[in-house]
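One structure is given here, and the rest of the page talks about it.
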Amino acid sequence: MITEELIQLVTPEGERVSHPQYESTLNGEEIFGLYRDMAIVRRLDNEATSLQRQGQLALWAQIQGQEAAQIGAGRAMQPNDFSFPTYREHGIAWCRGVPPEDMLRMFRATSNGGWDAQKYRHSVPTVVLGNQVLHAVGYGMGIQRDGAEDAVITFFGDGASSQGDVLEAFVWASSYNVPIVFFLQNNQWGISTPMSIQSKIPLYHRAGGFGFPGVRVDGNDVLAVYEVTQRALSLARVGGGPTLIEAHTYRLGAHTTSDDPTRYRIDAEVEVWKHKDPIERVKALLAREYSVKNSQFDEVEAEADEKALKLREDVLAMDRPDPITMFDNAYAEFHPLIEEGRHEMIELGVSGGQR
Amino acid sequence: MITEELIQLVTPEGERVSHPQYESTLNGEEIFGLYRDMAIVRRLDNEATSLQRQGQLALWAQIQGQEAAQIGAGRAMQPNDFSFPTYREHGIAWCRGVPPEDMLRMFRATSNGGWDAQKYRHSVPTVVLGNQVLHAVGYGMGIQRDGAEDAVITFFGDGASSQGDVLEAFVWASSYNVPIVFFLQNNQWGISTPMSIQSKIPLYHRAGGFGFPGVRVDGNDVLAVYEVTQRALSLARVGGGPTLIEAHTYRLGAHTTSDDPTRYRIDAEVEVWKHKDPIERVKALLAREYSVKNSQFDEVEAEADEKALKLREDVLAMDRPDPITMFDNAYAEFHPLIEEGRHEMIELGVSGGQR
Amino acid sequence: MTTTSMTMAKALNEGLRKSLENNKKVLIMGEDVGKLGGVFRITDGLQKDFGEDRIIDSPLAESAIVGTAVGLAIRGYRTVCEMQFDGFVYPAFDQIVSQVAKLHKRSDGVYTMGLVIRLPFQGGIGAIEHHSESPEAYFAATAGLRVVACSTPNDAYWMIQQSIDHNDPIIFCEPKSRYWEKGEVDLESPPAGLFDAVVRREGSDVTVIGYGGTMKTILRAADTAASEGVSLEVIDARGLSPLDFSTMTASLEKTGRLVVAQEAPHTASIGSGIVSELTHRCFYSMSAPGLVVSGYHVPYPPTRLEEDYRPTVDRILDAIDRVMEY
Amino acid sequence: MTTTSMTMAKALNEGLRKSLENNKKVLIMGEDVGKLGGVFRITDGLQKDFGEDRIIDSPLAESAIVGTAVGLAIRGYRTVCEMQFDGFVYPAFDQIVSQVAKLHKRSDGVYTMGLVIRLPFQGGIGAIEHHSESPEAYFAATAGLRVVACSTPNDAYWMIQQSIDHNDPIIFCEPKSRYWEKGEVDLESPPAGLFDAVVRREGSDVTVIGYGGTMKTILRAADTAASEGVSLEVIDARGLSPLDFSTMTASLEKTGRLVVAQEAPHTASIGSGIVSELTHRCFYSMSAPGLVVSGYHVPYPPTRLEEDYRPTVDRILDAIDRVMEY
Ligand SMILES: Cc1ncc(C[n+]2csc(CCOP(=O)(O)OP(=O)(O)O)c2C)c(N)n1
Ligand SMILES: Cc1ncc(C[n+]2csc(CCOP(=O)(O)OP(=O)(O)O)c2C)c(N)n1
Ligand SMILES: [Mg+2]
Ligand SMILES: [Mg+2]
């Protein structure tokens, strides 16, 4: 008998529902803060999409529809926690303080990373599905050896959940009781592959078979995601071990700007999910319960537009690096082939030679 | 709440116990047949061990203690079923009709395989842990495409259960509803690594998280193993999909002849398990319930000795192959480097040159 | 001979279709190969025509795609595995090296590992990291495998079919940067054997060998060189393992000078293998050392820089100048 | 200098112990490295002395051993990962190639991938399949990685410590067939830099280059050759990536003849890389083509046959004769 638990604190209509184990600990101001985060991130996401359409980015991976999952999880983190993302965690990056323009460097193809991962305690994007999940477990093993009370959280999708690396990470996290939260954003699709091909049952059930708890949360309900993640992180910090969180959400956009979802998915499905939009939901809640006025929402919109404009300017200002920088950081210490390469490139005159 | 179900039909003392879902369908003759299989396989196993001690084998992986798990599973197979073993499935090979001397070719280091896998419908040994589990799933996908009513069964250990390949195989088997039985022999150790490092909970629980049933059987109770495997295979044949069977057993010997268990395991543990010996158990049952006489057991012993003697003779007769055979079957079709290699070897005179 | 003009992507699609029609045991498996037709649309329309049992949309795990293809081969099927990009073949490396390459031998010839692993390889499409790799040398260095690379629509059409028919496992490298370029395809007869090198342009001064997407760059370099009075003989290796040394030797004995161009870094690469082997075979004809123009020894750079990482016409001409100086 | 005689296994054990003592951030992780001390006893006694938190008995998954070591590196630890045998490193190939090799670059230098992957490699111990492989070329061909191989107890003792101290990821190849041979170890000062090639025997006619377990065979061949009046200069490459071309070039300019011996097959190997590079650097000094004596292009054979697969003294001498004929 397979259960389909779904932790929800706010309905798609913005009405509160009570849950036996979880209740929201956030006040109106904090909830408005989450709304602001989501609104800004969506605006930046749309700006990036149009930058790509205008040929300013090589590619863009949208998060539209997944803002609540990411902002809820990102805001549940403590400053000292560390996160390991995929290529789509712009909402988490935002919560970690990564400058928006840095999030776009990889998509502008001027860097393979983009930000100082140690400074923001948010790792560089991982494109090879599942790899980062093992890194997170190892990082958590380091936390244990430091005797620190930090936790690590890692993000991956429904598709990546089929990768051996992710499943081995479950084995290790359980075996060493690692202070980690596995945050699975089930957006129902892995490019054109529906969730049903990855698993016949909800993915949070996987955890139980590895000996740690799995929970399923309404990924479009930012209040629920916040509470569930918050509790899992606290549990990890005090030696409670790993938790798998499956955030039930939806990829409203295409997989990336190079994808064409009309080939494999019906509009009706998208329509259904549009009614569960994470931002509209919290907006309705704020209006109803905290009588937030339209003007306040408008102010956020305006702020978001400003940030989008700045992002655009910053991206347009990102020039092609000097080719010779390809040799930088290939190795940490002297390497003869690196010196030879630099020399050849200078000889060829394709580089200014400066470093 | 973690259950620790253990399906058992015969106690270590050889007394029958009833189980709500399973009962033995075997008559005295058939049970005696299982006893005979186990006795012969143990005798051959011991002969192989002494052959190794005498320098006649490069290595040997003993099965002592796991005879019931292997004979129970092997005899539950239908002729058309196909099995994918590790390096330790001598009992399965025996049930599939693989000549004992063929089982030793790999350990004599005269072949990397040893028998005609298609003829016996039992694949060649797989040494890289977990690889064969995916092969079995693929084979099962072939059965489905042939519209056949066969099943495939694959064997692996508690250690291998941590490998990504095994876990990915669970994903695939469930997604495609493959007619497969995953037979996990949990002999409590992976070389020096105790089961507790691979998982904090019994391994059969893994299956549930992937959407198919897992069962735990007393791996030292050949009647129980037979019934449980038989049912899982029948289920698979009629489109019931995969089952994970965890056979709770014990490696009474060393990991292999190159291993020294005294470095990591206490004798007391071994002693406890000796009392659960799979062969003694069925012997007691046969004596009590079917009044099998000692003379009948002695006949089997004698038969086993004969077979062991023949095995010894066959192994001693296995000569070093002509070096030039290393080029055979490296490729199925003409390859210039193979021809060059053969030519060079003949020039060097290390080969008789015959093929 | 009647020919039709089509892109390499279309030629691969047509070649796969032919193999699927000719042999009921042929399957295609990979991520998004069904409705979507693969991210490059190479399998476009095939699932519609051959069904979900033969064109298999797989869960997301490369080791499992290859590992289950091995099991299918043991059951008598021939599976074309699509790796979505070169950089995603590594999770399957263990299955490829330990099983695909060795099972025919281990089974004493009983198992036929007739399967094809399609690899969209090399760079040039301005992608993000892991989408522009050249892993061919890993596989060429692995005994038990064969590796080929196509560079034209006609080769793509025929080589994919020849690979599927072949009884050894084949790593099939497709230059993704050329997928959308058109060329003439002869639907009646194959241009050459699967592993034959082909002389793309005859010349007398320097033998330049390449494969895949690099061929076009080399041919451009040959035009420029010609205008400067240097005649390049351009060879498309096609078979990377085994290499067709007879065709290469014949050319080198004529020119006495050798340059190999590839995107992969130099160390332990196809190019260094060609140079060392040909230097041995043609020692007395060599008037200059063989040079390799390759990617630099760094992780594939952000693609705004890739055109200075991959062999350019300039870098090839520079190597030509250097061998001509001897 | 005071030296002590010990086996390579013991020297590695002592070297690891020193690193564990000198740097609290050093960890060892792998299958059976704890109580058992590893199947080769290289970590014997270390868990007893440094505890289970630093000498980590891992679950059975190589990708996870390396993948978690990456995370530990990000947290500031230096993990020595033990692969139980060469043939079992492939499940970790994706983590090694896509992450270990590239994260320093991807993080713009913020992450230090100071980790060591120990690989008992090559054959010669009469093992079953997958226990005798030579995968070094896969890693040498991968930009971002470094590869070294030790051949003596003294090198083993020092090179493992130098590797652990190094800030780039290092694939550390140990010739398992030499684990039990004794040699003098200088406990005071290292014999050379981590990547320096070393001349093991001076000579004038032919430069013979090798590494790992092959060195002993080459030195035997040198004795025989000497008795036949041919003087071999024997070089132990030690660093396989990067290679120490200056030491090799100096020798080749003297001898003009080159033979490389390795267990791995020839195609896209360390040997073919050395030959093509040295032919370029020493073109005018080369009086004969460089030859590679290697394993044949077949899966590693059943080990009753391995002595005819690996380079033998006879095959090396045969190659010497051939280069001397030019
Ligand atoms: C190992 C690997 N295989 C294939 C790919 C190509 N790829 C990129 S994203 C993607 C789908 C991922 O789906 P999911 O994990 O659900 O994440 P989502 O994109 O939906 O957020 C695929 C197949 C990859 N990046 N890595
Ligand atoms: C991928 C891989 N890693 C490591 C090994 C080395 N090895 C051989 S057997 C073994 C332990 C296996 O334990 P388990 O799976 O429980 O099987 P058992 O030997 O107990 O039957 C190990 C680590 C291997 N064969 N393959
Ligand atoms: Mg998804
Ligand atoms: Mg075991």
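Here is how names work: the chains are called A, B, and so on, in the same order as the sequence lines, proteins then strands, and each is numbered from 1.
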Under 4.5 Å, counting heavy-atom pairs only, tell me which of [options] racks up the most with chain C.
{"options": "Asn131(B), Asn112(B), Val137(B)", "answer": "Asn131(B)"}
{"options": "Gly113(B), Ala136(B), Gly142(B), Pro336(B)", "answer": "Gly142(B)"}
{"options": "Arg145(B), Gln144(B), Lys119(B), Met106(B)", "answer": "Arg145(B)"}
{"options": "Ile143(B), Leu337(B), Asp116(B), Val128(B)", "answer": "Ile143(B)"}

Item to complete: Might you work through the side chain to side chain donor-acceptor pair (under 3.5 Å) test for Tyr77(C) and Asp146(B), ending with a clear yes or no?
Response: CA-CA 10 Å; Tyr77(C) 287 85; Asp146(B) 292 344; 2.3 Å; yes
Is chain B contacted by the side chain of [X], its backbone, both, or neither, given a heavy-atom distance below 4.5 Å?
{"X": "Ala61(C)", "answer": "both"}
{"X": "Ser58(C)", "answer": "both"}
{"X": "Lys25(C)", "answer": "side chain"}
{"X": "Met29(C)", "answer": "side chain"}
{"X": "Tyr111(C)", "answer": "side chain"}

Worksheet item: Less than 4.0 Å between a side-chain N and a carboxylate O, is that true for Arg118(C) and Glu82(C)?
Response: yes
Worksheet item: Between Arg238(C) and Asp244(C), is there a side-chain N and carboxylate O pair less than 4.0 Å apart?
Response: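 Between Asp244(C) and Arg238(C) there is no salt bridge, as every charged N stays at least 4.0 Å from the carboxylate O atoms.
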Which region of [X], side chain (C-beta onward) or backbone (N, CA, C, O), has a non-hydrogen atom less than 4.5 Å from a non-hydrogen atom of chain C, or is it both or neither?
{"X": "Glu340(B)", "answer": "side chain"}
{"X": "Ile338(B)", "answer": "neither"}
{"X": "Arg105(B)", "answer": "neither"}
{"X": "Ser123(B)", "answer": "both"}

Practice prompt. Tell me whether the centres of the aromatic rings in Phe93(C) and Phe139(C) are closer together than 6.0 Å.
Written response: yes
Worksheet entry | Residues Glu133(C), Tyr90(C); criterion side chain to side chain donor-acceptor pair (under 3.5 Å); working and verdict | CA-CA 11 Å; Glu133(C) 310 242 311; Tyr90(C) 307 127; 2.7 Å; yes
Item to complete: Taking atom NZ of Lys35(C) as the centre, report whether more than 12 heavy atoms of other residues, nucleotides or ligands fall under 6.0 Å from it.
Response: no
Discussion item. Quick check: do Gln78(B) and Asp81(B) have side-chain heavy atoms less than 4.5 Å from each other?
Written reply: yes
Fill in: Selection from Leu27(C), Leu60(C), Thr112(C), Leu145(C) maximising heavy-atom pairs under 4.5 Å formed with chain B
Leu145(C)
Worksheet item: Closest approach of Ala61(B) and His90(B), non-hydrogen atoms and distance?
Response: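 Heavy atoms of Ala61(B) and His90(B) come nearest at O-NE2, 2.7 Å.
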Discussion item. Can you tell me how the ring of Phe212(B) sits relative to the ring of Phe210(B), calling it parallel under 30°, perpendicular over 60° and tilted otherwise?
Written reply: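 Judged by the thresholds at 30° and 60°, the geometry between Phe212(B) and Phe210(B) is tilted.
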